[in-house]
Amino acid sequence: MTGTAPARFTADDYRARMDRAVRQAAGAGLAGLLVAPGPDLVWLTGYTPTAVTERLTLLVLAPGREPVLVVPTLEAPDAEHAPGAPAVTLRDWTDGQDPYAATSALLDTQGRYGISDNAWAMHLLGLQKALPGTSYASLTEALPMLRAVKDAAELELLAAAGAAADAAFEEIRKVPFAGRGETDVAADLAALLRRTGHSQVDFTIVASGPNGANPHHETGDRVIGRGDMVVLDFGGLKDGYGSDTSRTVHVGAPTDEERRVHDLVREAQEAGFRAVRPGAACQDVDRAARAVIAAAGYGEYFIHRTGHGIGVTTHEPPYMIEGEEQPLVPGMCFSVEPGVYLPGRFGVRIEDIVTVTEDGGRRLNNTAREMVTVD
């Protein structure tokens, strides 16, 4: 999901982003880009339709042409007030008209276009029917790094979102855990995220005891008990930019094994962070974290990638995963979140958002990574 675009971005900022997108499209051999409502449209124009409907809304970007935003007439007044509206030409269509005819007039009849991953199939099929000579590629496939490198203002917003999530963690560790359901703690966590300025809470995973061995556990009614390890993974959007952090706490005193596994994951997370530097491949971060866990004999229990990008969404490219050779560039932001998951017993994950600097990396989450005990 996406949030409202921050007011600090001007029409010139959005114009520069659209110019950048057009240059990247041309470099990828595309005739242009077709951007549907969603994170790409928010990033490029600051516009989020008031309601997602079956009516076609599409930003058309092409080299040598002015950007055009095709919108339903009834939504044109909202589009006109978007922060990036001065940088685009609005072309509206009314119910009863053919929106594909209006859009196809802007396209090369034989062109290949990048189109938003979340574009409706009916819209893509409508364009293909109107212009059978065109072809299409998903934006993630064609331009995976479109939003990956953040500017100074975006980095400031991501840092503020990270600090807000950190503040939520500092408060949640003070509440009672033992004797309460996972959903109760998750509700507390969601309220804390909103209190610290989040307009949207995307997830509050509270995975206690054996549930912690499921990285994407759906928070449930299990009652947390003394002796439980509890994985907390939470985040959302603040001022249009994402937070995402994980910490693993223990209810009461941990066993030696639990402490040992937690220390191992902390060491792996540190290794992943230290691998962050300009020019390193994304997979190098994954390899560094994974090597620590494998050397300790827990390699088979680290069952997901080490990280994912973050920006106007909480999950986006680049991905820290084996096989991803994309070089790291200053301004990229992503999670570093290794974990160990022991089926039927417990799990541990430690996650920070990290940004690439000119000479290494900088964490945007700064709460304790050592074992934290709660009541």
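All heavy atoms count here, side chains included; hydrogens, waters and symmetry mates do not. Just so it is clear, the model here is predicted, and its values are computed rather than measured.
- Atom CZ of Phe203 has more than 12 neighbouring heavy atoms from other residues, nucleotides or ligands inside a 6.0 Å radius.
- Linking ILVMFWY residues whenever their side-chain heavy atoms come closer than 4.5 Å, directly or via other members, leaves Ile350 and Ile353 in distinct clusters.
- Hydrophobic clustering places Trp120 together with Leu124 (ILVMFWY residues linked when any side-chain heavy atoms are closer than 4.5 Å, directly or through intermediates).
- A side-chain donor-acceptor contact under 3.5 Å links Arg247 to the backbone of Thr367.
- Side-chain atoms of His198 never come within 3.5 Å of backbone atoms of Gly242 as a donor-acceptor pair (strictly under, hydrogens ignored).
- Ion pairing between a basic and an acidic side chain is recognised when a charged N comes within 4.0 Å of a carboxylate O; Arg362 and Asp352 show no such pairing.
- Between the CZ atom of Arg259 and the CD atom of Glu370 there is a distance of 10.5 Å, given to the nearest 0.5 Å.
- Phe334 belongs to a hydrophobic cluster with Met145, Val149, Phe273, Val276, Val285, Met320, Leu328, Val329, Met332, Val336, Val354, Val356, counting contacts under 4.5 Å between side-chain heavy atoms of Ile, Leu, Val, Met, Phe, Trp and Tyr, direct or through other members.
- To the nearest 0.5 Å, the span separating OG on Ser243 from CG on Asp202 amounts to 8.0 Å.
- In this structure, Lys150 contributes its side chain and Ile310 its backbone to a donor-acceptor pair below 3.5 Å.
- Closest of all the heavy-atom pairs between Asp117 and Leu139 is OD1-N, 3.2 Å.
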Checklist entry - Can you check side chain to side chain contact (heavy atoms under 4.5 Å, CB included) on Leu157 and Phe9, steps first, answer last? => result CA-CA 11 Å; Leu157 289 165; Phe9 297 124; 3.8 Å; yes
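- Using a cut-off of 4.0 Å between Lys/Arg side-chain N and Asp/Glu carboxylate O, Arg260 and Asp263 are scored as not salt-bridged.
- By the 6.0 Å contact criterion, CZ on Arg195 is open, its count of non-hydrogen atoms from other residues, nucleotides or ligands being 12 or less.
- Heavy-atom contacts from other residues, nucleotides or ligands closer than 6.0 Å to CZ of Arg180 number more than 12.
- Side chains of Asp375 and Pro176 form no contact here, defined as non-hydrogen atoms less than 4.5 Å apart.
- Judged by distance alone, with hydrogens and angles left aside, the side-chain atoms of Thr255 form a donor-acceptor pair with the main-chain N or O of Glu258 at under 3.5 Å.
- Taking OG1 of Thr73 as the reference point, atom CG of Asp95 lies at 8.0 Å (rounded to 0.5 Å).
- Remark: Arg55 does not engage Glu75 in a salt bridge, criterion side-chain N to carboxylate O under 4.0 Å.
- What you find for Gly197 and Lys238 is that their closest heavy atoms are O-CG, 3.3 Å.
- Closest non-hydrogen pair, Ala102 versus Leu106, comes out as O-CG, 4.0 Å.
- Taking hydrophobic clusters as Ile, Leu, Val, Met, Phe, Trp and Tyr residues chained together by side-chain heavy-atom distances below 4.5 Å, Tyr113 does not share a cluster with Leu125.
- Note that CG of Asp151 is 6.0 Å distant from CZ of Arg17, once rounded to the nearest 0.5 Å.
- No salt bridge links Asp286 with Arg305; every basic N to acidic carboxylate O contact stays at or beyond 4.0 Å.
- Counting heavy atoms from C-beta outward, Arg287 and Asp284 have side chains that approach closer than 4.5 Å.
- Of all the heavy atoms in Arg226 and Ala178, the pair that sits closest is CG-CB, 3.9 Å.
- Ring planes of His304 and Phe302: perpendicular class, angle over 60° (limits at 30 and 60°).
- In summary, Arg222 and Glu182 do not engage in a salt bridge, as defined by a charged side-chain N under 4.0 Å from a carboxylate O.
- Under 4.0 Å is where a charged nitrogen must lie from a carboxylate oxygen, and between Arg274 and Glu270 at least one such pair does.
- Grouping Ile, Leu, Val, Met, Phe, Trp and Tyr residues whose side-chain heavy atoms lie under 4.5 Å apart, directly or via other members, places Val175 in a hydrophobic cluster with Phe169, Ile172, Phe177, Val185, Leu189, Leu192, Leu193, Val201, Val206, Ile224, Val230, Leu232, Phe234, Val249, Val251, Val372, Val374.
- Between the CD atom in Glu80 and the CG atom in Leu90 there is a gap of 5.5 Å [rounded to 0.5 Å].
- Salt bridge status for Arg91 with Glu66: absent, with no side-chain N to carboxylate O gap under 4.0 Å.
- The two residues Leu342 and Ala213 come nearest to each other via the heavy atoms O-CB, 3.4 Å.
- Within the hydrophobic cluster formed by Ile, Leu, Val, Met, Phe, Trp and Tyr side chains joined at under 4.5 Å, directly or through other members, Tyr341 is accompanied by Ile303.
- Closest of all the heavy-atom pairs between Val22 and Ala62 is CG1-C, 4.0 Å.
- Asp13 places a side-chain N or O within 3.5 Å of a backbone atom of Thr10 that can act as its donor or acceptor partner.
- Between the side chain of Gln283 and the backbone N or O of Gly323 there is at least one donor-acceptor pair closer than 3.5 Å.
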Checklist entry - What's the verdict on side chain to side chain contact (heavy atoms under 4.5 Å, CB included) for Leu146 and Trp43, showing C-alpha distance, side-chain angles and the deciding distance? => result CA-CA 10 Å; Leu146 177 62; Trp43 185 77; 4.1 Å; yes
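- A donor-acceptor pair is defined here as one N or O able to donate and one able to accept, closer than 3.5 Å; no such pair exists between the side chain of Glu324 and the backbone of Ile321.
- Annotation: Asp108, atom CG; neighbour count of heavy atoms from other residues, nucleotides and ligands within 6.0 Å is above 12.
- Formation of a donor-acceptor pair under 3.5 Å by the Asp233 side chain with backbone atoms of Ile205 is not found in this model.
- When atom types are taken as modelled, the side chain of His250 and the backbone of Gly252 share a donor-acceptor pair closer than 3.5 angstrom.
- Within 6.0 Å of atom CG in Asp221, 12 or fewer heavy atoms from other residues, nucleotides or ligands are found, so the atom counts as exposed in its surroundings.
- Checked by atom type and distance alone, the side chain of Ser335 pairs as donor or acceptor with a backbone atom of His308 at under 3.5 Å.
- Following chains of ILVMFWY side-chain contacts shorter than 4.5 Å, one can reach Tyr136 starting from Met122, so the two form part of one hydrophobic cluster.
- In this structure, OG1 on Thr248 lies 10.0 Å from CZ on Phe346, to the nearest 0.5 angstrom.
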